[in-house]
Amino acid sequence: MMSEGNTIRLPGLIDVHVHLRDPGQTHKEDFTTGTQAALAGGFTTIVDMPNNAEPITTIERLKQKIAIAQSKTVADIGFHYGTMGDNLESFEEAAGLAIGLKLYLNKTTGGYLLDAKHLQKIYSAWPEAKPVLLHAEEDVIDIAIESMKDLKRPIHVCHMPSKEILQKIIAAKKDGLPVTCGVCPHHLFLTKADESRLGVYGKMLPSLKSQEDQDFLWKNLDYIDIFESDHAPHTHEEKAEGAFGVPGLETTLPLLLTAYKQGRISLEQIIEKCHTNPARIFNLPVDEGTYLEIDMTEYEINNESLYTKCGWSPFAGRKVYGKVKKVVIRDRTVVTDGTVVAVPGSGKVMGG
Ligand code: DOR
Ligand code: ZN
């Protein structure tokens, strides 16, 4: 980290929770637009979720996804594998290609739902070196924490939205269980009160919570291991029809840097939760020659200047500090003056 005049320099950020929709739903995002959005937002490494139109639950689909990404990505990218409990024989090989295994204990986009009765056999079959990620909301968080007690196997609880869940994670951590957790920017910077203003654009899973919940997250930053955007683009038409999810790759860092300007978080905490911890928990490589230069002048987030193909943000109209001006990956400039200049196919694909 370095501060000079109005410019801040940070290491390349890592977002281990994005939905880039490729293959299958490239009308709303693809590997090129999604990774351009990542670079424009300061994320040089991202990890993509398996809830594609055809879920990434077979080796064939995982390899196909890796191959497609190779010709399209401008950032470094890896993939989480998926399971409904019926593909355990593929785990050994999948773990060699993937970053982690994502389990959905609540219903979400793509209709995934894993019956918790499969958890133990999944934990035993998935190689321990690779983390297991859980979508577990208030109704199933007890089952999720209980499920890991015997095996003491590391799990990462994604997008924790509320006081209730964070209290339980804090208790599990204090019990010495190897549990880590992530929080999304929309749960840090929006509440239920924003739903009437945002309409369908304020709908995501887990949903927006109360001010009290949000305050609890901010008060307990020390227990939050990582920030994850849960970048989940949908078209305007799909949102109108009830699709859950909001894009986040281009707004996460400016929102956090605005909170830094307001004295609510330190730069060290931003680096820890968007770089150091995700790299450590998910075994992702970092490089000294990968960094960002950020202009700390105030600007307004607007839909027109976004790279994400969906073309909107729930934070449009908000004044923030922190525009990513330059991004360098392994000594190669990929963003100049706020414009992504890297060509499709130039990013590194993990597992490829
Ligand atoms: O809001 C959400 N959108 N939550 C999820 O868990 C999935 C995501 C998506 O894929 O659209
Ligand atoms: Zn997600």
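Read the numbers this way: they start at 1 and go in the same order the structure lists the ligands and their atoms. None of the values given here were measured: they were computed from a predicted structure.
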Q: Answer yes or no as to whether an N/O/S atom of H159 is found below 2.8 Å from the Zn ion (ligand 2).
A: no

(Q) Can you tell me if Q211 has over 12 outside heavy atoms packed within less than 6.0 Å of its CD? (A) yes

Q. Just wondering, more than 12 heavy atoms not from K121 lying within 6.0 Å of its NZ?
A. yes

Q) Can you tell me the protein heavy atom closest to atom 6 (O) of ligand 1 and the distance? A) T108 OG1, 2.7 Å

**Q.** Option whose closest heavy atom lies nearest to atom 1 (O) of ligand 1, chosen from L205, N52, V18, N51
**A.** L205

Q) Which ligand 1 atoms are under 4.0 Å away from a heavy-atom of A232? A) 3 (N), 8 (C), 9 (C), 11 (O)

Q) Less than 4.5 Å apart, any side-chain heavy atom of K72 and any of D22? A) yes

Q.
Can you tell me which N/O/S atom of H17 has the shortest distance to the Zn ion (ligand 2)?
A. NE2

Q) Of all the non-hydrogen atoms in the protein, which one sits nearest to atom 9 (C) of ligand 1, and at what distance? A) T109 OG1, 3.1 Å

Q) Is any N or O atom of Y104, backbone or side chain, closer than 3.5 Å to an N or O atom of ligand 1? A) no

Q. For ligand 1, is there an atom lying under 4.0 Å from some heavy atom of R21?
A. yes

**Q.** Part of V246 with heavy atoms under 4.0 Å of ligand 1, whether side chain, backbone, both or neither
**A.** neither

Q. Which bit of H19 gets closer than 4.0 Å to ligand 1, counting heavy atoms only: side chain, backbone, both or neither?
A. side chain

Q: Specify the protein heavy atom at minimum distance from atom 3 (N) of ligand 1: its residue, its atom name, and the distance to 0.1 Å.
A: F244 O, 3.0 Å

Q. Taking everything shown except K63 itself, do over 12 heavy atoms lie less than 6.0 Å from its NZ?
A. no

Q.
If you measure every N or O of G245 against every N or O of ligand 1, does any of those distances drop under 3.5 Å?
A. yes

Q.
Classify the ring geometry of F79 against F31: parallel below 30°, tilted from 30° to 60°, perpendicular beyond 60°.
A. perpendicular

Q. So is H234 close enough to ligand 1, meaning a heavy atom under 4.0 angstrom away?
A. yes

Q: Can you sort out which atoms of ligand 1 are near M204, meaning under 4.0 Å from one of its heavy atoms?
A: 1 (O)

(Q) Taking 4.0 Å as the limit for heavy-atom contacts, which would you say applies to M49 with ligand 1: side chain only, backbone only, both, or neither? (A) neither

**Q.** Whether Q214 side chain and K209 backbone form a donor-acceptor pair below 3.5 Å
**A.** no

(Q) Is the ring pair F189/W218 parallel, tilted or perpendicular, if the boundaries are 30 and 60 degrees? (A) perpendicular

Q | Contact atoms of ligand 1, heavy-atom distance to H135 under 4.0 Å | A | 6 (O)

**Q.** Angle in degrees, rounded to 10°, that OD1 of D230 and NE2 of H19 form at the Zn ion (ligand 2)
**A.** 90°

Q | Heteroatom test (N, O or S) for C158 near the Zn ion (ligand 2), limit 2.8 Å | A | no

**Q.** Lys/Arg cation over aromatic F244: K203, 6.0 Å, 45° cone
**A.** no

Q.
Within the structure provided, determine whether S90 and N87 are in side-chain contact (heavy-atom separation under 4.5 Å).
A. yes

Q) Is the shortest heavy-atom distance from the side chain of V334 to the side chain of V74 under 4.5 Å? A) no

(Q) So which atom in V324 and which in A40 form the shortest heavy-atom distance, rounded to 0.1 Å? (A) CB-O, 3.4 Å

